Enquirer: 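The structure's right below; bear with me while I get my questions together.
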Amino acid sequence: AFQNLDQPLAEAIERGSHALSVNPNDFSSHLEVARAAERRGDAKRAAAHYWQAWRLKPSEIGLLVDLGRARKSAGDAEGAQAAWVAASRS
């Protein structure tokens, strides 16, 4: 049962990572990897890709909320707070 849930997430990460190897500024691929990594429990990877996605589209304030959540899950409470404060000020 776990593999049925994990395999699509692993494939999404692989697909997004491949696209990013071709175009590191692909917003959609950063978002795909971030969401799949977060669902898979890889909060550190998720945070890194939410950050990159937000840098590419800073008008997407919701990404800062996502970044904060991922950073908190990764054990970075200070980084999470910084992301949430930035979101509240945008």
Side-chain angles (χ1 to χ4, degrees):
F2 174 76
Q3 188 176 7
N4 292 340
L5 297 173
D6 188 61
Q7 186 173 351
L9 298 176
E11 289 171 359
I13 291 169
E14 186 177 330
R15 183 174 52 249
S17 296
H18 174 73
L20 290 167
S21 72
V22 175
N23 178 6
N25 293 320
D26 183 346
F27 171 82
S28 296
S29 293
H30 278 294
L31 193 55
E32 178 180 34
V33 172
R35 288 179 175 160
E38 188 173 20
R39 287 188 190 126
R40 205 168 184 219
D42 188 348
K44 188 174 180 179
R45 177 183 281 185
H49 286 279
Y50 280 131
W51 171 251
Q52 290 300 323
W54 178 76
R55 290 189 65 198
L56 292 167
K57 285 194 178 180
S59 62
E60 298 287 334
I61 304 308
L63 291 172
L64 290 172
V65 175
D66 297 334
L67 173 60
R69 185 181 60 247
R71 283 179 171 174
K72 184 175 182 190
S73 293
D76 181 7
E78 188 175 316
Q81 186 66 31
W84 292 327
V85 168
S88 73
R89 293 183 177 162
S90 297

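Only a predicted model underlies this, so the values are computations on that prediction, with no experimental measurement involved.
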Enquirer: Apply ring-ring contact (aromatic ring centres under 6.0 Å, His included) to W51 and list each qualifying residue two or more places apart in sequence or on a separate chain.
Expert: W54
Enquirer: A70 and A46: which non-hydrogen atoms are nearest, and at how many Å?
Expert: CB-CB, 4.1 Å
Enquirer: Any chance you could measure L67, atom CG, to W84, atom CH2, to the nearest 0.5 Å?
Expert: 9.5 Å
Enquirer: For residues 56-64, which side-chain N or O atoms pair as donor and acceptor with protein atoms under 3.5 Å away, sequence neighbours left out?
Expert:
none

Enquirer: Sequence neighbours left out, what pairs pass salt bridge (Lys or Arg N to Asp or Glu O under 4.0 Å) with at least one residue falling in residues 18-31?
Expert: none
Enquirer: How long is the span from the CG atom in L20 to the CD atom in Q52, to the nearest 0.5 Å?
Expert: 9.0 Å
Enquirer: Between A53 and L31, which heavy-atom pair has the shortest distance, and what is it?
Expert: CB-N, 4.4 Å
Enquirer: Should R69 and E38 count as side-chain neighbours, where that means a heavy-atom distance under 4.5 Å?
Expert: yes
Enquirer: Starting at CZ of R35, measure out to NE2 of H49 and round the result to the nearest 0.5 Å.
Expert: 14.0 Å
Enquirer: Could you tell me which residues satisfy salt bridge (Lys or Arg N to Asp or Glu O under 4.0 Å) with R40, sequence neighbours excluded, listed by chain and number?
Expert: D6
Enquirer: Using modelled atom types only, decide if a donor and an acceptor are shared between the side chain of S17 and the backbone of E14 within a distance under 3.5 Å.
Expert: no
Enquirer: State which residues pass side-chain contact (heavy atoms from CB on, under 4.5 Å) with S73; sequence neighbours excluded, sorted by chain then number.
Expert: A43
Enquirer: Kindly say whether G16 contributes a backbone atom to a donor-acceptor pair with the side chain of H30 at under 3.5 angstrom?
Expert: no
Enquirer: Rounded at 0.5 Å granularity, tell me how far CD1 in I13 sits from NE2 in H18.
Expert: 16.0 Å
Enquirer: Looking at S29 and A19, what are the two nearest heavy atoms and their distance?
Expert: OG-CB, 3.2 Å
Enquirer: Once salt bridge (Lys or Arg N to Asp or Glu O under 4.0 Å) is applied, what residue pairs with a partner in residues 71-85 remain, sequence neighbours excluded?
Expert: none
